[in-house]
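Down below is the structure, laid out as structure tokens.
Scope of the values below: all heavy atoms of this structure, side chains included, with no hydrogens, waters or symmetry mates. None of the values given here were measured: they were computed from a predicted structure. Numbers here simply count residues along the sequence, with the first being 1.
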Amino acid sequence: MKQKVQALANQIFNEVVGFRQHLHANPELSFQEFETAKFVKDKLIALGIPFTEMANTGVVGLIKGKGDSDQVIALRGDMDALPINEANDDKPYKSKKPGVMHACGHDVHTSSLLGTAYILNQLKDEFAGSVKLIFQPAEEILPGGASIMIKEGVLQNPTPQAVVGQHVMPLIDAGKVGFRSGIYMASTDELYVTVTGKGGHGAQPHQNIDPVLITSHIIVALQQIVSRNADPRLPSVLSFGKVIANGATNVIPNEVKLEGTFRTLNEKWRDEAHRLMKKMAEGIAESMGGSCHFDIHRGYPFLINEEKLTANARAFAEDYLGKENVVDLDIWMAAEDFAYYSQVTDACFYRLGTGNALKDTCHSVHTPNFDIDEDALKTSTGLMAYIALKQLGN
């Protein structure tokens, strides 16, 4: 079976590269993936794979194997791009849309899943069970396309026993993949804080209630949430990246806007941290004569890779690629809406190496120079198909 999958991955490779370059040149933002969804549907129609639509721009294909086995595995690829202006001017597939770019590799995920669909469809008479193909919108913004698709029944009719996803990783060489069992990625919450005081002339601070000073105390004090309230064995991150105090050199403003992120790996502590942050910020503001509105936009939960499924997937990867091409992953404090799948069913989310220093493809995701070594597309299509086949017992 491995040789068959590898041969089919090689056979479809050039076409998958074309898929990826087309999608890269025509990126669409979250919840706007209409042309991307049409592209996916056209390819599924050409393969004779039935599909349904959900979450507005989501597409779910279904490949049924032989017999009447009730075993089902779902494979997920996300489709949305980011609001970034691409800087890869020398690439013929550079984004045609100013300010929009596939800087997180979702073009890779979508094109790879189409290649995997081709492989599995060619082999459908040789495996029992079914494979769901989840082409998911809107991974990049809240509430996340995964949460919407789950609510609309993507994990029902039929119900998969496992969901598997992959994500590009430029820090890993193309041809390699990475796995981690257990807790892998963090929850993420967006923090929007408004500190209100009484503005006035900077030369008369005694007549004002300075929200800039209050905000400064809040920023420093909130670091205690991580350093003195969190269990030191539990990773937590609290960062503020935006502060707007729209005054002047001699003008104290009436209010200050503050925005940040909180991330951790435990839902109970997450809730407690929310309570502590609000209480501390509001208390500091009140004690200094002002007020504070602390708004938390709850984001994705933490992502957990089910241990047995992940161990199996890793073993299948070692068999398919060679043990030397499978590496260990550390906990990563970034977030992914694939976490929603992992909260409701067995899930495995692994990393696809796309880096190659000689081809200048080691730039981080979410940057204007992100690109991939397209040789990784042989790995991405074949390995996911092989994991699905082996997980179904073939």
Side-chain angles (χ1 to χ4, degrees), residues 1-2 5 49 51-52 54 58-78 109 112-113 115-117 119-121 123-124 126-136 139 144-147 149-167 177-185 300-321 326 329 336-352 379-394:
M1 182 63 77
K2 178 171 68 175
V5 172
I49 297 174
F51 60 85
T52 56
M54 59 178 59
V59 182
V60 183
L62 184 66
I63 301 173
K64 292 184 177 180
K66 64 182 180 181
D68 56 358
S69 171
D70 60 358
Q71 291 296 299
V72 183
I73 186 170
L75 309 176
R76 177 268 207 170
D78 40 7
H109 308 160
S112 296
L113 189 52
T116 297
I119 295 170
L120 292 171
N121 199 50
L123 298 174
K124 63 184 178 183
E126 299 188 35
F127 69 86
S130 299
V131 180
K132 269 192 171 182
L133 309 165
I134 302 175
F135 295 90
Q136 181 208 298
E139 188 279 324
S147 66
M149 294 192 86
I150 290 170
K151 288 177 182 177
E152 293 187 9
V154 73
L155 299 181
Q156 302 169 18
N157 301 318
T159 297
Q161 288 78 48
V163 182
V164 175
Q166 62 182 341
H167 197 293
V177 293
F179 287 85
R180 181 182 182 84
S181 290
I183 293 173
Y184 173 42
M185 296 180 71
Y300 307 154
F302 71 88
L303 192 158
I304 182 167
N305 283 327
E306 199 278 326
E307 293 190 3
K308 183 178 179 181
L309 172 64
T310 304
N312 286 343
R314 183 186 181 117
F316 303 150
E318 290 178 352
D319 180 30
Y320 188 80
L321 298 174
V326 180
L329 298 173
E336 238 284 350
D337 82 341
F338 186 87
Y340 285 114
Y341 301 112
S342 80
Q343 294 286 324
V344 295
T345 191
D346 290 351
C348 175
F349 192 66
Y350 64 89
R351 293 285 159 176
L352 171 72
T379 304
S380 62
T381 56
L383 177 58
M384 184 167 271
Y386 192 64
I387 289 173
L389 290 166
K390 297 295 287 184
Q391 188 63 29
L392 289 172
N394 300 279

Checklist entry - Hey, mind stepping through Y350 and V164 against side-chain contact (heavy atoms from CB on, under 4.5 Å) and telling me if it holds? => result CA-CA 8 Å; Y350 64 89; V164 175; 3.7 Å; yes
Checklist entry - Short question: side chain of E139, backbone of D337 - any donor-acceptor pair under 3.5 Å? => result yes
Checklist entry - Are any of the side-chain heavy atoms of N312 and C348 separated by less than 4.5 Å? => result no
Checklist entry - If you look at every heavy atom in F349 and N305, which pair is closest and at what distance? => result N-OD1, 2.7 Å
Checklist entry - Quick check: does any side chain N or O of K132 sit under 3.5 Å from a backbone N or O of V154, one acting as donor and the other as acceptor? => result yes
Checklist outcome for this item: Closest heavy-atom pair, A385 versus L120, reported as atoms and distance to 0.1 Å, is O-CD2, 3.8 Å
Item to check | The single option from R351, M384, R76 passing side-chain contact (heavy atoms from CB on, under 4.5 Å) against Q166 | outcome: M384
Checklist entry - Would you say the side chain of T159 lies within less than 4.5 Å of the side chain of V72, judging by non-hydrogen atoms? => result no
Checklist entry - Between L392 and V131, is any pair of side-chain heavy atoms under 4.5 Å apart? => result yes
Next on the checklist: To the nearest 0.5 Å, what is the distance between CG on L113 and CZ on F135?
Outcome noted: 3.5 Å
Next on the checklist: Using a 3.5 Å distance criterion without hydrogens, assess whether the side chain of E126 forms a donor-acceptor pair with backbone atoms of G65.
Outcome noted: no
Next on the checklist: Tell me whether the rings of Y300 and Y340 are parallel (<30°), tilted (30 to 60°) or perpendicular (>60°).
Outcome noted: perpendicular
Checklist entry - Between P158 and D70, is any pair of side-chain heavy atoms under 4.5 Å apart? => result no
Checklist entry - Looking only at heavy atoms, what is the nearest atom pair of G129 and S69, with distance? => result N-CB, 3.6 Å
Checklist entry - Between T116 (side chain) and T381 (backbone), is there a donor-acceptor pair under 3.5 Å? => result yes
Next on the checklist: With a 3.5 Å distance limit and no angle check, can you tell me whether R314 reaches the backbone of A317 through a side-chain donor-acceptor pair?
Outcome noted: no
Item to check | Non-hydrogen side-chain atoms of F338 and V163 separated by less than 4.5 Å | outcome: yes
Checklist entry - Taking all non-hydrogen atoms of both residues, which atom of A339 and which atom of P301 are closest, and how far apart? => result CB-O, 3.2 Å
Checklist entry - Considering all heavy atoms of both residues, which atom of H167 and which atom of H109 are nearest to each other, and what is their separation? => result CA-NE2, 3.3 Å
Checklist entry - How far apart are the closest heavy atoms of L309 and A162, and which atoms are they? => result CD2-CB, 3.7 Å
Checklist entry - If only atom types and distance count, is the side chain of T310 paired as donor or acceptor with the main-chain N or O of E306 below 3.5 Å? => result yes
Next on the checklist: Under a 3.5 Å distance rule, please check whether S342 uses its side chain to pair with a backbone N or O of I304 as donor and acceptor.
Outcome noted: yes
Next on the checklist: Please check if the number of heavy atoms outside K2 that lie under 6.0 Å from its NZ is greater than 12.
Outcome noted: yes
